[in-house]
Amino acid sequence: MTEAKIETLQYRFDGPEHLPVLILGPSLGTTWHMWDRQVPELTKQWRVFRFDLPGHGGAPAYPAGAVADLTARLLTTLDGLGVQRFGYAGCALGGAVGIELALRHPERLASLALIAASPRFGTADEFRQRGVIVRTNGLDPIARSSPERWFTGGFAAAQPAITEWAVQMVRTTDPGCYIAACEALASFDVRAELGSVGVPTLVLVGSEDQVTGPAEARTLVAGIPDARLAVVPGASHLVPVEQPAAVTDLLVRHFSTAWQPGFDTATGHIALPAAVVKPVPAATPPQSVAVAEIAPPAVPQQQEGRPDPYDAGIKVRREVLGDAHVDRVLAGTDEFSGDFQELVTRYAWGEVWDRPGLDRRTRSCVTLTALVAGGHLEELAFHTRAALRNGLTPDEIKEVLLQTAVYCGVPAANRAFRVAQQVVREETTPPE
């Protein structure tokens with residue numbers, strides 16, 4: 001059996017070859033140029049390695065739909081270059097890669113800086129909705145709104161050249177790779193694992209960041225045993241671009257003083273970090289952090305025999321229909337309807353939708369057809385949303401409904417078109 005090839009990443013080095021390696025990871029929609037203002041100072045002490053996300057900055061367009069996938073590609077690239085141990089600073093999605101490195105590959109990591117990062121980025125629905133918009137309208141709506149998310153209003157107004165650079169950077173990204181990166185963020189959630197991050201960590205955030213702001217930063221600091229917080233005033237999400245001098249100074253100080261040695265000087269052996277014991281919270285924990293949110297979940301009792309499909313079912317149900325829909329349904333469940341909802345989750349979603357024989361796009365096509373045939377217009381509405389989330393375009397949904405006109409009848413298709421048309425308008429209209 002042949003192993004699947006792991007793609008490598010587009011990269012560049014700056015600085016003398018004999019210096020220790022410091023990696024700078026980019027945010028979604030950016031390129032390695034977001035770090036240009038940090039490089040001159042950092043290369044005085046480190047050999048700086050920068051990389052582009054797939055399909056960003058002209059990099060090969062091999063989509064990566066999980067943070068673990070991006071991390072594997074980064075390590076494969078570094079292995080090919082002979083880089084075994086390094087410091088790492090990442091912004092937003094790049095920060096998620098940094099957390100993944102600390103959790104799964106601690107022996108490679110000497111020190112960590114997380115910028116505009118979070119243990120969970122918003123909600124899965126938000127990022128999957130962004131994927132629907134890009135699939136339908138292209139990247140232009142996202143590109144035009146990027147300066148609002150990335151910069152403070154004053155900076156955007158005073159720096160029109162940088163603002164236009166940001167727009168063009170997003171606009172020239174491969175749409176399929178951007179959608180896959182949204183999926184990676186949608187599925188990323190390490191709140192319960194933060195206590196296992198065993199490297200010294202700087203958590204850096206702009207005071208005006210409305211995407212992953214100070215509240216998310218404090219959650220990271222509360223959960224990571226050896227972490228400290230730095231809030232940069234007057235900066236929004238893309239803080240290395242908006243406040244380059246402040247970010248450079250903080251990175252230099254952190255990586256100069258918190259570089260965990262990679263070997264025991266007495267034996268010459270690699271010193272793997274010991275398992276981290278979750279510490280007692282500090283005397284004055286951040287007020288906005290709820291300890292229950294970041295505590296590890298209880299480990300369920302291991303059951304013998306075939307695994308219960310309920311857990312897989314609720315996961316697939318949320319991924320296909322969205323958290324908001326599933327939460328609304330479950331909130332309305334009582335003693336009378338609870339058994340039915342459990343049956344639907346376990347068998348429809350855990351048994352059938354989770355089978356590997358058909359992909360989710362195909363299952364959506366089949367489901368839409370069956371709902372039109374049965375006249376189930378209420379369920380047709382939320383399964384049209386699900387079809388968009390599963391990767392069908394509005395044109396493909398239209399073709400499915402045209403097919404139903406032939407085999408299910410024109411009146412049924414007529415009603416279905418009215419329902420689906422409204423849903424498509426709602427789901428694919430770019431934000432103002």
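All of these numbers come straight from a predicted model, not from anything done at the bench.
Residues passing the salt bridge (Lys or Arg N to Asp or Glu O under 4.0 Å) test with E126, sequence neighbours excluded: none. Checked against salt bridge (Lys or Arg N to Asp or Glu O under 4.0 Å), E379 has no partners two or more places apart in sequence or in another chain. For D226, there are no salt bridge (Lys or Arg N to Asp or Glu O under 4.0 Å) partners at least two apart in sequence or on another chain. The ring-ring contact (aromatic ring centres under 6.0 Å, His included) test applied to H376 returns no partner, not counting sequence neighbours. Taking R228 as the reference, nothing meets the salt bridge (Lys or Arg N to Asp or Glu O under 4.0 Å) condition, with sequence neighbours excluded. Partners of F49 under the ring-ring contact (aromatic ring centres under 6.0 Å, His included) rule, at least two apart in sequence or in another chain, are Y11, F13.
At least one donor-acceptor pair closer than 3.5 Å links the side chain of Q210 to the backbone N or O of E208. No donor-acceptor pair under 3.5 Å is formed between the side chain of Y62 and the backbone N or O of G55. The main-chain N or O of R191 is found under 3.5 Å from a side-chain atom of D189 such that the two form a donor-acceptor pair. A donor-acceptor pair is defined here as one N or O able to donate and one able to accept, closer than 3.5 Å; no such pair exists between the side chain of R149 and the backbone of L238. Counting only distance, with no hydrogens or angles, the side chain of R108 and the backbone of Q84 share a donor-acceptor pair below 3.5 Å.
A perpendicular orientation is assigned to the rings of F255 and W259, their planes being inclined by more than 60° (bins at 30° and 60°).
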